[in-house]
Number of protein chains: 4
Amino acid sequence: MPSPTPDPARRSDRARSSILSATRERLAEVGYAKLTIEGIASRAGVGKQTIYRWWPSKGAVVFDAILDASLGPDGSTTLPDTGELEADLRTVMRGIVGELADPATDRMQRAVLAELQLDPPLATELLERLLRPQTDAFADRLCRARDAGQVRDDLDPSVAVELFLGPVFHRWLLRTAPLDEAFADRVVEHALAGLAPR
Amino acid sequence: MPSPTPDPARRSDRARSSILSATRERLAEVGYAKLTIEGIASRAGVGKQTIYRWWPSKGAVVFDAILDASLGPDGSTTLPDTGELEADLRTVMRGIVGELADPATDRMQRAVLAELQLDPPLATELLERLLRPQTDAFADRLCRARDAGQVRDDLDPSVAVELFLGPVFHRWLLRTAPLDEAFADRVVEHALAGLAPR
Amino acid sequence: MPSPTPDPARRSDRARSSILSATRERLAEVGYAKLTIEGIASRAGVGKQTIYRWWPSKGAVVFDAILDASLGPDGSTTLPDTGELEADLRTVMRGIVGELADPATDRMQRAVLAELQLDPPLATELLERLLRPQTDAFADRLCRARDAGQVRDDLDPSVAVELFLGPVFHRWLLRTAPLDEAFADRVVEHALAGLAPR
Amino acid sequence: MPSPTPDPARRSDRARSSILSATRERLAEVGYAKLTIEGIASRAGVGKQTIYRWWPSKGAVVFDAILDASLGPDGSTTLPDTGELEADLRTVMRGIVGELADPATDRMQRAVLAELQLDPPLATELLERLLRPQTDAFADRLCRARDAGQVRDDLDPSVAVELFLGPVFHRWLLRTAPLDEAFADRVVEHALAGLAPR
DNA sequence: GGCTAAGCGAGACGGTACGTCTTGTCTTTAG
DNA sequence: CTAAAGACAAGACGTACCGTCTCGCTTAGCC
């Protein structure tokens, strides 16, 4: 009888990483909509069953493929803290805008985002493992600013973070207008004004 | 040989509207990922070719189905203007939050949004026909407020609108935290503070 | 209410003959299996309904198309009668072999024959209108030979005819061996020997 | 990517034989013209692709289905040889007539024959595998008769066989007249007379 | 010589089947 | 005894035609 729950200890690392690489390659080549398990398996030189054994869905593979690529060094995230709040936020926001505007990552990001809408459990996991560290870091920086008296003292970090990220993300997502550093700067300016000490 | 460019004058309205209704029904029942053209056709009592004759893709049908449902009376959109800027914006934002939080529309909205990520031309059309009127109305209200001296006079409407909609949308999309009226109120408060006359 | 039984008096001759021509053209071009009503209609510059109005099936159209081409002058058929029985039969049989071997008619003949197997009423009609006159003429010639004492006097014409036509047809149909004039001659020789006066 | 040339060694015998059975069942139920691949697949409990993987066309499946049914024991064919030539041939010819007249096989035979007209490669294969053994056996019997001095010594077996089979086949095919044992007997009588030693 | 009923061209419609593609499972084969 | 290769059942894809059904537009033939 084949084991219904495969033993992770015996998992082949070669297979795993070639599947994730192949996924990223196919994703870049044909896009998410035309991505197929068979295509990944054949590119990775792997049997389909080896994919089905370890991942429950196409979305999960893609998700892991992207996670695998993002998590370069250790996974910890911190924002710069030079004391100059507005300058620091500008740096971060410009970085985000730059990444979103990069055509190479754009396609992949949209693919994952699309998948997230249709697969809530996946959304939750990605939220916790990728997004949460970033928003937490953002919130941390704002809390330090609050302790330094640079923003109002009744600051709600979870709301404040969205004041910064929301506009940028909204514009990227819906393509309502060009997404550039000037826009990032203006968002920082206004959001910060909205958080100013009374 | 079938005509490569069908004649819109001969189009059957019965077929068109039953297809759009069936699309909405199936979308609500099985979700976007499991939505099939065959399912729509069979539910609508329509031949598949009748769908393929008038729409190029599944996304386009869904798009029209949603547009068809949204465009009730005329299509014009205006925001309330009682003179009380913050109260007006609160009303609007609470409405948006309410709509996004409604499970019935939530699924459909996410489906369309996912599709938009993978089909830029569709995104452009939806932007122009559904979203633009709403953001324009929003911008209009803010411009009137500026003329009344309620916000700073160097206001850039395209940026300002995103300060309000972005955070709400971001939270809905990524499910980072509960989306409720209290959050809507806080976003309005902070965004308005950020736009206050200097 | 549309007339369920169209009025033959008002039938357009232009439509009729262009349909039959188009049928023959398409038949020669793509063969019977890939022949379509839509193809015929479009080639004939005719609406599909005009075909469906006058013919019940594809087979019927093809049948008429072929009949229309075969019935050149009057329709009467007679075999040569020079008194030399064997020579006369050889002439006729060589003619039949020549026609069957002609690639132009071969395809059309096989198409009709195939259709006949699947549509008995059609088979009956074709038998009466096309084949019967030919076999009757053949039988006539043999009866005259019998009266002249050239063949046995208990001759059954309906059997005798098949002794001549059967072998030729069988070989053509099943392609068991090359079909040529030499074969025709040998069939005549043997069949005639089998019918010789005792 | 599916293999373009499937590996016969891995072929499922269960699928193969249930497809052939289902084909015969559907053929008997609805006839050749209304026979569909989808119908066969669904009756056989088989995916359509499994049919398309192993057969190029509907005709080929039907062909194999019939071959599969005809080739009961070993496939070798011999004619009776009691020394009484005319009696032996009568036995054989009556058998053929009986088989053709049986309504159960009639439909199937006509279906295959129709298909053969439209698909020459299929015709060739069937000729070699089904028909040739039978005509060869027939020719063998006649050669033995020639060696025994019962027929003329310049006998051409390939012609002689058609003298017997042709008339029967012609009558069956074109339904020119009733096909019964009396006819079979008369054909034997005449054909044999035509082959008598000079 | 208009009137009107039919045939006509065109082609959209509800359907069926096509042949292809992908999914997720199950089986065979080679290392 | 694992994992590649790939056959399998299932079913959606998008296309081609089917036969029916309106449409306007000729086009007879009766008034």
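Chain A is the first sequence line, chain B the second, and so forth, proteins listed ahead of strands; every chain is numbered from 1. All values reported here derive from a predicted model rather than from experimental measurement.
For the pair D:W55 CH2 and F:dA7 C1', the computed distance is 13 Å after rounding to whole Å. The separation between A:K48 atom NZ and E:dC26 atom P is 13 Å, rounded to whole Å. Atom P of nucleotide E:dC18 and atom CD of B:E38 are separated by 14 Å, given to the nearest angstrom. Summarising the geometry, the separation between CD on B:Q49 and P on F:dT15 is reported as 7 Å, rounded to the nearest angstrom. Across the protein-nucleic acid pair, D:I19 atom CD1 and F:dC8 atom C1' stand 10 Å apart, rounded to whole Å. Rounded to whole Å, the distance from CD1 on A:I51 to P on E:dT22 is 14 Å. Going from atom CG of A:L35 over to atom P of E:dC21 covers 17 Å, rounded to whole Å. The interatomic distance linking D:K34 (NZ) with E:dC18 (P) rounds to 14 Å, in whole Å.
Ranked by how close their nearest DNA chain E nucleotide is to the 5' end, A:S57 and B:D13 are led by B:D13. Between A:V46 and D:R11, the residue anchored closer to the 5' end of DNA chain F is A:V46, taking for each the nucleotide with the nearest heavy atom. Position along DNA chain F of the nearest nucleotide to B:I37 versus D:R16 favours D:R16 as the more 5'-ward residue.
Note on D:T50: a side-chain N or O is less than 4.0 Å away from OP1 or OP2 of F:dA9.
Using a 4.5 Å heavy-atom cutoff, the side chains of D:L113 and C:L113 are in contact. Residues A:R129 and A:L67 have side chains in contact (heavy-atom distance under 4.5 Å, counting atoms from C-beta outward). Contact annotation: the side chain of C:R24 approaches that of C:D68 to within less than 4.5 Å [non-hydrogen atoms, C-beta and beyond].
Taking every side-chain heavy atom of D:T36 into account, E:dC18 is the closest of E:dC18, E:dA12, F:dA7. Taking every side-chain heavy atom of C:A15 into account, E:dG9 is the closest of E:dG9, E:dA12, F:dA9. Of the listed nucleotides (F:dC8, E:dG14, E:dA12), E:dA12 has the atom at the smallest distance from the side chain of B:W54. Distances from the side chain of C:Y52 to the nucleotides F:dT20, F:dA3, E:dG14 place F:dT20 closest.
For C:S21 (side chain) and C:S17 (main-chain N/O), a donor-acceptor pair under 3.5 Å exists by modelled atom type. Distance alone, capped at 3.5 Å, is enough to place a donor-acceptor pair between the B:S18 side chain and the B:R14 backbone.
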**Request:** Any chance you could lay out the salt bridge (charged side-chain N to carboxylate O under 4.0 Å, His left out) test for B:E38 and B:R26, step after step, and finish with the verdict?
**Result:** CA-CA 11 Å; B:E38 300 208 332; B:R26 298 297 297 159; over 6 Å; no
Could you tabulate the donor-acceptor pairs under 3.5 Å formed by side-chain atoms of residues 51-64 of chain C, not counting sequence neighbours?
| from | atom 1 | to | atom 2 | distance (Å) |
| --- | --- | --- | --- | --- |
| C:W55 | NE1 | C:D64 | OD2 | 3.0 |
| C:S57 | OG | C:G59 | N | 3.4 |
| C:S57 | OG | C:A60 | N | 3.2 |
| C:K58 | NZ | C:Y32 | O | 3.4 |
| C:K58 | NZ | C:L35 | O | 3.2 |

**Fill in**
In B/S/- notation (B base, S sugar-phosphate only, - none; protein heavy atoms under 4.0 Å), nucleotides 23-31 of chain F written 5' to 3' is ----BB---
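Here D:G45 lies in heavy-atom contact (under 4.0 Å) with sugar-phosphate atoms only. Among the atoms of the strands shown, base atoms are found under 4.0 Å from some heavy atom of C:R53.
In plain terms, the two heavy atoms of D:G47 and D:A41 that are nearest each other are C-CB, 4.3 Å.
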